[in-house]
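Throughout, protein chains are lettered first and strands after them, A, B, ... in sequence-line order, and every chain is numbered starting at 1.
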2 protein chains.
Amino acid sequence: MPKTSHKGSDFDCVTCIMRKHSDWRVLATDEVDLLARGQTRYSYQSGESIYSMGQVGNGVHCMCAGTVAIRRLDAEGNSVLLHLAYPGDTLGYESVLTGEPHRCSAEALGPAKVCHIDARTVKQLLDANPNLGLQFLRRTAASLDAAQDKLVHHATLSNRAKLAHLLLVLMDRYGRETVDGANTMHLPVSRRDLASMIGARHETVSRIISRLENEGIAFFSGRSVRVPHIDALLEEIRPQLVG
Amino acid sequence: MPKTSHKGSDFDCVTCIMRKHSDWRVLATDEVDLLARGQTRYSYQSGESIYSMGQVGNGVHCMCAGTVAIRRLDAEGNSVLLHLAYPGDTLGYESVLTGEPHRCSAEALGPAKVCHIDARTVKQLLDANPNLGLQFLRRTAASLDAAQDKLVHHATLSNRAKLAHLLLVLMDRYGRETVDGANTMHLPVSRRDLASMIGARHETVSRIISRLENEGIAFFSGRSVRVPHIDALLEEIRPQLVG
DNA sequence: CGGGGGTTTGAGTCCGTTCAAAATACGTGG
DNA sequence: CCACGTATTTTGAACGGACTCAAACCCCCG
């Protein structure tokens, strides 16, 4: 099923609610008009690719709705899920800035609405408003910080602790608290992806999940998760000595 | 032993050789003058701290000579060596941009020359020349890319493969080829640090080194390393399946 | 209803860690 | 220059976590 597109007047950045929560909030009124003219809105179905590793980007992607997986493949074809992107995030600007091919692929994990902004428009805006570049810089620095935190976790935590941490992070975004104080959520990713996010085999994740269920810490059914006492997951994150 | 400083006229960015290889190369002549006025050059001894995690940066640091280790500590006090910085690199600008405390510490791994540039001067220059911000953005994007590559390696490689890869990377910078085709280098870091760079215990690194010696792949004596056939190390980097 | 991917479970093995102790290198002051 | 205390590195033995290979299961979708 191909993605659907809506050009120009059909949708307008001027009225976009997400824009105020994104890097584009630094733009002046006339610059937003320029942004709106250079933009095309796309709707993606679950599993559809927004861009692929190796391609040269011809623009940036601004998320309005849904969840997008940022993956990188190694030489053996392993896919590692590096990051989940959400509304307000801008994707793929590295390639536009450097002219180099994308180093990651971006794939919709469910119905998603993503606006594509023409490379020429992006460059015009960066030229017109230096704050946009500084905003991108702040955002990229935050991503780098997050990536370094993940590196520290990979170096110091066990797979069980990393999975517990990941569940807490996902619960923060997807979770709902029920009347009895338990937390529940619907996982946005498969267990294979959960495994690649923490750098473990999927069988290992499966086994850790079994143990968490036996110990009454978390209960899984398909992609829905129920955690009776969220503190029990927090207890799992105990770093070990490294070095 | 305290670091030594040289203010203003004692050293000058205008004549600095490294500047042309750094982010500051985008500056115009009059902007370089401004840079030179806001700058102080420091000499650090091995082990001295340039800045520490938790501090708020009052400027950025521009490396002229030496090697600097960028570390992060976790809650248990584990130090993870995230990155090695070299002449031409600019350090600590994230904290200046966001006003948040440093997320990492920077420590000289040997005699190093690093210029400190006043936060006010940095902001003036970012204001005066938008290309400087874009240059920082490109640099940060490259760092993010490198961090993500490390994440993929941590997720897919064994400790042995990760150590082999690290040795190859270090050999690229510190290595010299001898007449018989072997490669030798002097390691810039301790084995403890080597271990934290690949996310393993130092005992494990010690054991891997023993095995590499028994197999004739690499020979260690103190901090000097000799690799008779560099291809043998390349052979070690075989990713395994993950996910 | 028949695939096919994702998931679970099992058994066996190996890698890497833990704890402990010895050996070595290093810096400092005498 | 050497003695000494400290930190780093090496090595050992035992344990446990995580991986490999394999088979069965499940569920979704065509």
Side-chain angles (χ1 to χ4, degrees), chain A residues 1 45-47 69 76-79 81 107 109-110 153-164 186-215 218-225 236 238-243, chain B residues 1 45-48 69 76-79 81 107 109-110 154-164 186-215 218-225 236 238-243:
Chain A
M1 187 188 301
Q45 300 300 314
S46 186
E76 300 289 297
N78 284 316
S79 137
L81 209 171
E107 174 198 328
L109 289 181
H153 282 157
H154 278 233
T156 59
L157 299 180
S158 66
N159 282 344
R160 177 172 169 134
K162 280 186 279 184
L163 181 61
H186 184 83
L187 287 172
V189 295
S190 69
R191 274 147 222 239
R192 262 192 136 75
D193 279 335
L194 280 184
S196 88
M197 289 173 91
I198 65 170
R201 310 299 325 259
H202 65 276
E203 299 100 316
T204 303
V205 167
S206 217
R207 275 180 243 275
I208 295 172
I209 285 175
S210 299
R211 261 178 274 155
L212 290 177
E213 289 185 332
N214 289 336
E215 296 169 27
F219 300 92
F220 293 71
S221 170
R223 285 200 175 180
S224 57
V225 188
E236 295 296 328
R238 294 247 169 278
Q240 303 149 299
L241 291 174
V242 159
Chain B
M1 188 187 299
Q45 299 301 314
S46 186
E48 274 190 292
E76 301 289 297
N78 284 316
S79 138
L81 209 171
E107 175 198 328
L109 289 181
H154 278 236
T156 58
L157 298 181
S158 67
N159 281 345
R160 177 173 169 132
K162 279 185 280 185
L163 181 62
H186 186 83
L187 286 173
V189 295
S190 69
R191 279 150 217 236
R192 260 193 140 74
D193 279 334
L194 280 184
S196 88
M197 289 173 92
I198 65 170
R201 311 297 328 261
H202 65 276
E203 299 99 317
T204 303
V205 167
S206 216
R207 276 180 242 276
I208 294 171
I209 286 175
S210 300
R211 261 177 273 153
L212 290 177
E213 289 186 332
N214 289 335
E215 297 169 27
F219 300 93
F220 293 71
S221 170
R223 285 199 176 181
S224 57
V225 188
E236 294 296 328
R238 293 247 169 278
Q240 303 151 299
L241 290 172
V242 159

So, is [X] near the phosphate of [N], with a side-chain N or O under 4.0 Å from OP1 or OP2?
| X | N | value |
| --- | --- | --- |
| B/Ser210 | D/dT10 | no |
| B/Thr204 | C/dG16 | no |
| B/Arg207 | D/dT11 | no |

message = Counting the atoms with a prime plus P, OP1 and OP2 as sugar-phosphate, which does A/Ser190 contact under 4.0 Å by heavy atoms, base, sugar-phosphate, or nothing?
response =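 The answer is sugar-phosphate, as A/Ser190 gets under 4.0 Å only of primed atoms, P, OP1 or OP2.
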
Return the [atom1] to [atom2] distance between [X] and [Y], rounded to the nearest 0.5 Å.
| X | Y | atom1 | atom2 | result |
| --- | --- | --- | --- | --- |
| B/His154 | A/His153 | NE2 | NE2 | 13.5 Å |
| B/Glu107 | B/Ser46 | CD | OG | 7.5 Å |
| B/His202 | B/Arg192 | NE2 | CZ | 4.5 Å |

[X] [atom1] to [N] [atom2], straight-line distance once rounded to whole Å:
| X | N | atom1 | atom2 | answer |
| --- | --- | --- | --- | --- |
| B/Arg192 | D/dT8 | CZ | C1' | 7 Å |
| B/Glu203 | C/dA21 | CD | P | 14 Å |
| A/Gln45 | D/dC29 | CD | C1' | 16 Å |
| B/His202 | D/dT8 | NE2 | P | 9 Å |
| A/Leu157 | C/dG16 | CG | C1' | 16 Å |
| B/Arg201 | D/dT8 | CZ | P | 14 Å |
| B/Glu213 | D/dT10 | CD | C1' | 11 Å |
| A/Arg211 | D/dG17 | CZ | P | 7 Å |

ask   = Nearest to the side chain of B/Arg191 - C/dT7, D/dC19, D/dT10?
value =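 It is D/dT10.
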
Shortest side-chain distance from A/Ser158, nucleotide among D/dT9, C/dT17, D/dA18 = D/dA18

query = Has the side chain of B/Ser221 got a donor or acceptor atom that lies under 3.5 Å from a matching backbone atom of B/Ser224?
reply =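 No; judged by distance alone, with no hydrogens or angles, the pair does not exist.
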
ask   = Are the charged groups of A/Glu236 and A/Arg211 less than 4.0 angstrom apart, N to O?
value = no

